Amino acid sequence: MRQKNPEKMAETIKVLTEEKRLFPPPQEFKESAHIKGMEEYTALYKESVEDPEGFWDRMAGIVDWTKKWDKVFECDFEKPEIKWFLGGRLNAAYNCIDRHLKGFRRNKAALIWESDEGEVKTYTYQQLSREVNRFANVLKKKGATKGDRITIYLSMIPELVIAALACARIGAIHNVVFGGFSSASLRERISDCASNLVITADEGVRGGKSVPLKRNTDEAIADYPCVENVIVVKRTGAGVSMTEGRDTWWHEEISEPDIEEISEPEEMDSEDPLFILYTSGSTGKPKGVLHTTGGYLVYTALSFKWIFDYKDEDIFFCTADIGWITGHSYVIYGPLACGATCLIFEGTPTYPEPDRFWEIVDKHRVNILYTAPTAIRALMRYGDEWVKKHSLASLRLLGTVGEPINPKAWMWYHEVVGKGRLPIVDTWWQTETGGILITPLPGATTLKPGSAGRPFFGVKPLVLTKEGKEAGSNEGGYLVIEDSWPGILRGTYGDPEKKRMKELYFSHFPGLFFTGDGARIDGDGDYWLMGRIDDVLNVSGHRLGTAEIESALASHLDVSEAAVVGYPHEVKGEGIYAFVVLREGMEVPGGFEKTLGGQVKKVISPIARPDKIQFTTGLPKTRSGKIMRRILRKIAGGRTEDLGDVSTLADPSVVDELVKGRK
Ligand code: PRX
């Protein structure tokens, strides 16, 4: 197992002290915020960790329950066993839609969709309700019932939200697969959770290009007969092949005469699964992180409301794809549970021009913008003029997620996009945490560019040294979480005894949740995230396991071995550097880098394609055969003058070859 790597942590401890300015919350913002000032935060935080039972008992009323819980939680990280709101019953889709139909929100926009080409479609809560109900009936007609796993392989179109909520309505577990994944990745995710129904589209559209979603689906399930039904959204009208008896069109299914009947939402137990979302780890294949209903919904709703200081009149624009956790928690569940208006965007920030986000903000009068540092860095490179062409006067809050934000990008976001007046919430969390755990609160926190602020209510993070002692102020260490919070994962799919869950998250420091991230806490108690300390890469905010990319490279017949590491990349945050050893005696064929890039694209996704491939005759291994990644990371990052001790290598001469051949 390649985890808990102190060397990598030492390398990633970048003390971000270049920007010393502090940004207290603007007075006006503070006065109208849900959490008004640090005193309120401190008092409530204290209550939340000293009396979690009382705190969450009070907070859980943010969602509607058909039966109140008997017990707030039962959690034991040693086992691990995690249960929240035991005995409580509710339905997530009811909470995201039906309950808003009773009052003024009925005719409020729930979703505003902007297509890649700029077409706009709006769904009020009432309209969304009809669509979700109709599609829930379609799913039922196909035989889907509570507990079934349904795969959704779509790009950012309203049907993705509708399909996910329809699953939740009937109690089926959705498994959303990012539309940028290859057919091989899709197959892996369909078969791992034994899903027998797939929802896709003829094509996806992004940045003026189309993605053959239906063709990929056909390839993925060609030799997987367990998929009995494929429902296809007509997005572009491109010709696709439809398999008789298996494939049907979404628009035809929802037009059947009996489809309008109101189907009552399935009453779910608080701990019944809501969804599975596959994510990469440091070893092996991606794992299906499992979230359940009650705790997840309470946590995403409350964190959404307070962290984004959401008010009913706001328009919230989260640029994340629903294929990732950010889209699940802060496009679908958190916002819709709060009755918010969510803008969803199909395209990319730079198409047709690099002011697309700003154009959208002005066109729809967006109030809260939540995006990733990689997008900020990419847009920053095009220059301020693209931003200044637009007023952006509607914006009142900015947010970031997915990777550490460097102070330079933070300052640009603050000054150029936020005109120096908007708070920024740099939110730290993970697929496994379900919702945001460390974050500023916009009406309370004095912001430090590059710091994610303090823990959210009920969250008890610790930074530990490798010996398991609490790290001192500003001393970097492993970020772990003590005690449970309602949004934490309940397991990984196919691991009912939670052995894998225990090994992955609760074994490094027994009794504590291991995040895989490095962090330091400064003298004021603010957290600074330092990136992954395991073999997980964060490329443009996308989480990728080095082991997966290595295995994709090694699946080419001419590759004997591959080692993949990350290196600092100005826009992507981390770039992918692959060291590849070909079959014994083989010369590197012309254009082979491209071939291997294509191989990774085919096996995983274009997002996993290495930025650099270096061919070598060997890798730096210890005598016991372990690859010394520390050396590879230093070579990839250009720090060749300081390779450290190489004497323990089986063949130290390989290092010279690697340094000379560096890309
Ligand atoms: O390394 C951390 C980084 O993203 C990882 C989680 O990736 P994923 O499960 O795909 O979820 C991403 C969206 C929540 C973390 O282990 N990360 C996420 N947010 C931040 C961050 N690193 C630094 N600062 C953040 N705000």
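Not measured: the values here are computed from a predicted model. One-based numbering, in listed order, for ligands and for the atoms of each.
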Quick one: which of Asp517, Thr515, Thr400 gives a side chain to side chain donor-acceptor pair (under 3.5 Å) with Trp428?
Asp517

For the pair Tyr478 and Phe514, name the ring-plane relationship: parallel under 30°, tilted 30 to 60°, perpendicular over 60°.
tilted

Partner set under side-chain contact (heavy atoms from CB on, under 4.5 Å) for Arg206, not counting sequence neighbours:
Thr348

Identify, chain by chain and in numerical order, each protein residue with a heavy atom under 4.0 Å from an atom of ligand 1.
Ile325, Thr326, Val401, Gly402, Glu403, Pro404, Asp426, Thr427, Trp428, Trp429, Gln430, Thr431, Asp517, Leu529, Arg532, Asn538, Arg543

Quick one: does Tyr299's side chain have a donor or acceptor within less than 3.5 Å of a partner on Ile436's backbone?
yes

Without placing hydrogens or testing angles, list every side-chain donor-acceptor pair under 3.5 Å for residues 315-323, not counting sequence neighbours.
residue	atom	partner	partner atom	Å
Thr319	OG1	Thr371	OG1	2.8
Asp321	OD1	Gly323	N	2.7

Write out all pairs satisfying side-chain hydrogen bond (donor to acceptor under 3.5 Å, both in side chains) with one or both partners inside residues 174-183, taking only residues at least two apart or from two chains.
Thr151-Asn175, His174-Tyr333, Ser182-Ser185, Ser183-Glu219

